[in-house]
Enquirer: 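Below is one structure. I have some questions about it.
Numbers here are sequence positions counted from 1. Excluded from the calculations below are hydrogen atoms, water molecules and symmetry mates; all remaining heavy atoms, backbone and side chain alike, are included.
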Amino acid sequence: MENVAMDKDKFLLKDKLAVIEKSFTKDGWITISLRDYKDDDDSSTIYCCIVHDDKIEEYRNNRNWIISPGSEGSPSIFGGIGKDAESYYQKYAEEGIEPFLFDKDFIFADGRDEYMDVCEDFVNYFKLYEKGLNKQNRKYYFIDDLGELVEVLDIKPGIVKLKLKFLKEYISIRKVHFAICFDFMRLSKINFSDLDITPIDDDFKTEKSFYNHFIRSLDFDAGKKQSWIHGKTIISFDPNKKKSYHFDDEEEKYESFLVGYDDDGNEKLLDCSRTNDKYFIVTYFRKEVLNKYYNEPAKYKVDGWRVSSSFISLKIDNNNDDYVAVFLVELSTLPHKEQLHWKQYNIPPQKGISATYYKTMIEGSWVEKPETPDLLFKHQYEKFNKDWEKKFGWKFYKDLASEDQHIFTSLHIPTNNNVKAFSEQVLSIIKLTIDRLNEAEIQKDLVLEKNDRGITKVEKFLKSNDVDIPDMIVFLRNLYDLRSGLLAHTFSNSNKACKKAIEYFGITKDNYTDVARDIFIKSIYTLNTLRGIFLKTDEDDLELLTDKEQ
């Protein structure tokens with residue numbers, strides 16, 4: 001009995017009626033084209049078009065699609081019959097009915113090609129980016145405020161899907177309607193009386209759809225019965241839509257951030273909208289807020305004063321060891337979803353902004369050097385290498401390959417006590433310093449043993465210049481010996497040399513961030529020591545760091 005009911009529902013196209021009821025939408029997508037011919041007895045066709053508002057009532061109550069796959073009627077030439085007859089061009093065959101898709105089919109001497117094209121006006125309106133394997137399999141993307149690719153159109157052989165919110169945006173700003181035209185048919189060798197089915201040829205109308213359901217026996221195909229639904233569903237525009245969301249939000253959104261406490265000790269929150277009374281209010285964030293940007297160095301740049309990309313530029317004070325400070329109104333420059341990223345790391349008020357940030361951003365006196373050890377190391381590393389090359393004609397540290405630039409860009413003190421983050425950042429320091437030593441130049445005129453490598457060559461280079469710095473060499477050797485534990489992101493099975501280095505740096509499970517900071521500071525000492533010996537310039541960075549540690 002159950003199978004009989006299933007056969008009846010299938011023949012009556014109940015599954016298709018359910019799809020019609022949902023206007024062909026699912027999970028935020030709408031199917032706007034479909035060719036599904038499972039066999040001669042089961043076929044589905046969906047197509048679409050745009051209908052102008054002054055035509056919608058006439059179109060809604062008419063079974064005729066006006067357009068169909070391969071017969072979109074654009075452009076059209078009228079007249080031209082007879083010797084003296086004139087022809088004229090019309091963009092659309094039927095005024096007020098526009099094709100949205102174009103079913104292209106080409107037959108030529110060497111073969112055949114077919115694919116689906118999309119209304120160029122829609123593509124240009126959103127400035128969609130097209131990407132795919134070929135014309136038959138491709139996608140169109142919208143590029144949002146953060147440069148992220150948002151999928152809008154998915155074109156595959158036999159089916160095209162469109163992100164519904166983009167369709168609604170497009171038809172609402174144009175004040176037009178969108179028609180989904182459908183044709184579903186099934187043939188089956190059933191007995192009407194067994195399933196209590198009566199032949200019909202009836203029109204049905206719902207709030208959104210108009211269709212005909214035709215059920216009959218096929219006289220030309222003995223024993224087969226036909227169930228056929230043909231009609232259209234209308235997606236109407238939003239009459240309240242006034243602006244285009246992807247160019248100008250109808251309502252700007254400004255998140256609220258913690259800026260202090262009231263007299264009762266309750267948190268005081270202010271939104272980040274740019275008003276005169278908020279210009280010098282500061283809000284604070286955990287350092288972890290920057291991990292997102294450090295982890296995508298090809299897209300973002302982080303320094304002591306700014307987080308930036310091709311799409312955002314946020315002024316920040318990143319010259320504090322334990323937090324990031326931001327003037328509240330600067331957060332209004334971020335897209336709303338980026339404000340939400342910052343909000344989850346918002347913390348109570350801290351000690352204020354750094355002296356470096358104050359002098360640069362408030363007083364307008366540019367301070368060249370940042371304050372935190374990681375940013376200061378990066379600043380000094382570039383400056384030292386540049387000054388060394390200027391004096392000696394070669395760089396002390398070889399340049400990174402272009403594909404390795406992220407090592408430098410993403411370098412930072414780990415924002416939490418995580419062994420993985422510690423390992424990655426300390427490995428980066430090793431790659432930038434020990435691994436990038438310009439051994440070919442350093443070893444010139446030196447007497448070397450067979451197994452002499454980078455650090456030993458530096459030691460002999462120093463001695464050849466009557467310089468002996470054993471503490472610095474010990475630091476570099478221990479830093480290099482950490483490598484095996486860093487590569488494994490664990491120190492539990494370290495070799496003898498690595499265990500000695502662990503003891504040297506005093507590494508425990510509870511102090512990875514502190515050790516990383518110490519390694520950055522000692523790496524600055526290394527640069528400044530070499531600068532003081534060979535470049536003969538005075539630097540106050542050691543004093544600056546000493547003051548900060550106190």
Side-chain angles (χ1 to χ4, degrees), residues 144-146 243 245 248-295 300-309 311-365 367 370-375 412-418 421 513-514 517 547-550:
D144 71 9
D145 293 338
L146 295 173
K243 296 181 181 179
Y245 86 88
D248 185 12
D249 279 345
E250 294 186 9
E251 184 179 350
E252 295 287 350
K253 295 180 180 179
Y254 300 105
E255 284 299 315
S256 295
F257 296 88
L258 180 60
V259 297
Y261 298 91
D262 62 21
D263 294 340
D264 296 321
N266 300 313
E267 291 185 345
K268 183 179 180 182
L269 300 172
L270 285 179
D271 69 68
C272 60
S273 60
R274 194 174 288 271
T275 56
N276 291 336
D277 59 318
K278 301 175 187 172
Y279 262 84
F280 294 101
I281 295 176
V282 182
T283 187
Y284 300 86
F285 303 88
R286 297 199 304 274
K287 279 284 192 177
E288 288 91 332
V289 72
L290 299 177
N291 285 348
K292 168 183 176 177
Y293 310 107
Y294 282 125
N295 291 336
Y300 298 103
K301 179 182 178 182
V302 181
D303 57 29
W305 295 273
R306 194 178 301 273
V307 173
S308 59
S309 72
F311 302 91
I312 65 168
S313 181
L314 176 66
K315 295 176 184 177
I316 65 171
D317 179 9
N318 191 26
N319 294 281
N320 308 286
D321 286 334
D322 302 320
Y323 58 86
V324 178
V326 183
F327 283 108
L328 178 66
V329 294
E330 296 298 335
L331 292 158
S332 68
T333 66
L334 297 176
H336 181 248
K337 68 179 180 180
E338 200 67 8
Q339 293 177 30
L340 293 174
H341 166 72
W342 281 78
K343 186 170 184 174
Q344 62 184 316
Y345 296 99
N346 202 195
I347 57 175
Q350 302 296 307
K351 292 180 292 184
I353 59 176
S354 66
T356 295
Y357 191 79
Y358 183 85
K359 290 177 183 178
T360 301
M361 306 305 288
I362 305 300
E363 294 183 349
S365 302
V367 178
E371 293 185 34
T372 58
D374 48 357
L375 297 176
H412 64 283
I413 293 173
T415 57
N416 49 41
N417 199 56
N418 179 288
T513 299
D514 292 337
R517 181 179 289 106
D547 290 343
K548 281 179 66 62
E549 291 304 306
Q550 293 174 352

Enquirer: Any salt bridge between Arg306 and Asp303, counting N to O under 4.0 Å?
Expert: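 No, no charged N to carboxylate O under 4.0 Å.
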Enquirer: Any non-hydrogen side-chain atom of Phe327 less than 4.5 Å from a side-chain atom of Lys278?
Expert: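 No, side chains not in contact.
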Enquirer: Rounded to the nearest 0.5 Å, what separates atom CD in Glu330 from atom CD1 in Ile281?
Expert: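 Separation between the atoms: 13.0 Å.
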Enquirer: Taking atom NZ as the centre, does Lys301 end up with more than 12 heavy-atom neighbours from other residues, nucleotides or ligands that are less than 6.0 angstrom away?
Expert: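 Atom NZ in Lys301 is not crowded, with 12 or fewer foreign heavy atoms closer than 6.0 Å.
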Enquirer: Which heavy atom of Asp317 sits nearest a heavy atom of Ser354, and at what distance?
Expert: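 Answer, listing the atom of Asp317 first, then Ser354: OD2-N, 2.6 Å.
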Enquirer: Under 4.5 Å between any side-chain heavy atoms of Ile413 and Thr513, yes or no?
Expert: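 They are in contact (side-chain heavy atoms under 4.5 Å apart), so the answer is yes.
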Enquirer: State the OH-CG distance between Tyr261 and Leu269, to the nearest 0.5 angstrom.
Expert: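 Interatomic distance, Tyr261 OH to Leu269 CG, rounded to 0.5 Å: 10.0 Å.
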Enquirer: Mark yes or no for whether Tyr323, through its side chain, and Gly352, through its backbone, hold a donor-acceptor pair below 3.5 Å.
Expert: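 At least one qualifying donor-acceptor pair exists.
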Enquirer: To the nearest 0.5 Å, what is the distance between OH on Tyr300 and NZ on Lys292?
Expert: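 Tyr300 atom OH to Lys292 atom NZ measures 4.5 Å (nearest 0.5 Å).
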Enquirer: Under a 4.5 Å cut-off applied to non-hydrogen side-chain atoms, are Asp262 and Asp264 in contact?
Expert: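 Yes - at least one pair of side-chain heavy atoms lies under 4.5 Å apart.
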Enquirer: Looking only at side-chain N and O atoms, does Thr372 offer a donor or acceptor that is under 3.5 Å from a partner on Asn318?
Expert: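 Side-chain D/A pair, Asn318 to Thr372: absent.
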Enquirer: Please step through side-chain contact (heavy atoms from CB on, under 4.5 Å) for the pair Ile312 and Thr333, ending with a clear verdict.
Expert: CA-CA 8 Å; Ile312 65 168; Thr333 66; over 6 Å; no
Enquirer: With the side chain counted from C-beta on, respond yes when Gln350 and Asn320 share a heavy-atom pair under 4.5 Å apart, and no when they do not.
Expert: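 Not touching, per the 4.5 Å side-chain cut-off.
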Enquirer: Is Thr283 reaching over with its side chain to a backbone N or O of Leu258, donor-acceptor style, under 3.5 angstrom?
Expert: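 Yes; at least one donor-acceptor contact below 3.5 Å.
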Enquirer: So which of Val282, Ile316, Asn319 actually passes side chain to side chain contact (heavy atoms under 4.5 Å, CB included) with Ile353?
Expert: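 That would be Val282.
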Enquirer: Can you check whether Val324 reaches Lys287 side chain to side chain, under 4.5 Å on heavy atoms?
Expert: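 Yes, side chains in contact.
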Enquirer: At their closest point, which heavy atom of Cys272 faces which heavy atom of Ser332, and how far apart are they?
Expert: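 So the two residues come closest at O-CB, 3.1 Å.
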Enquirer: Quick check on the 6.0 Å ring-centre criterion: do Tyr293 and His341 meet it?
Expert: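 When the ring centroids of Tyr293 and His341 are compared, they turn out to be within the sub-6.0 Å range.
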Enquirer: Can you tell me how far apart CD (Glu255) and CD (Glu338) are? Round to the nearest 0.5 Å.
Expert: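 That separation rounds to 12.5 Å.
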Enquirer: State the CD-OG distance between Gln339 and Ser256, to the nearest 0.5 angstrom.
Expert: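 That separation rounds to 9.5 Å.
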Enquirer: Minimum heavy-atom separation for Pro349 and Gly260, please, with both atom names.
Expert: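 What the structure gives for the nearest pair is CG-CA, 3.7 Å.
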Enquirer: Are side-chain heavy atoms of Val289 and Arg286 found at a separation under 4.5 Å?
Expert: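 Side chain of Val289 against side chain of Arg286, heavy atoms only: no contact under 4.5 Å found.
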Enquirer: Do the side-chain N and O atoms of Asn291 and Thr415 include a donor-acceptor pair separated by under 3.5 angstrom?
Expert: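 Looking only at side-chain atoms, Thr415 and Asn291 do form a donor-acceptor pair, the distance falling under 3.5 Å.
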Enquirer: Could you pull out the closest heavy-atom pair between Leu375 and Gly304, with the gap in Å?
Expert: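 Minimum heavy-atom separation between Leu375 and Gly304: CD1-CA, 3.4 Å.
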Enquirer: Can you tell me how far the NZ atom of Lys343 sits from the CG atom of Leu331, to the nearest 0.5 Å?
Expert: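 That separation rounds to 11.5 Å.
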Enquirer: Mind checking whether Pro348 and Tyr284 have side chains closer than 4.5 Å, heavy atoms only?
Expert: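 No, their side chains stay 4.5 Å or more apart.
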Enquirer: Going by heavy atoms in the side chains, are Glu371 and Asp321 under 4.5 Å from each other?
Expert: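 No, too far: nothing below the 4.5 Å cut-off.
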Enquirer: Which heavy-atom pair separates Asp145 from Phe311 by the least distance, and what is that distance?
Expert: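 In terms of heavy atoms, the two residues are closest at O-CB, 2.9 Å.
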Enquirer: Please confirm whether the backbone N or O of Phe257 pairs with a side-chain atom of Asn346, one donor and one acceptor, at under 3.5 Å?
Expert: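 Side chain of Asn346 to backbone of Phe257, a donor-acceptor pair under 3.5 Å: no, none is there.
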Enquirer: Closer than 3.5 angstrom, by distance alone: can the side chain of Asp271 be matched with the main-chain N or O of Tyr254 as a donor-acceptor pair?
Expert: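 Side chain of Asp271 to backbone of Tyr254: no pair is present.
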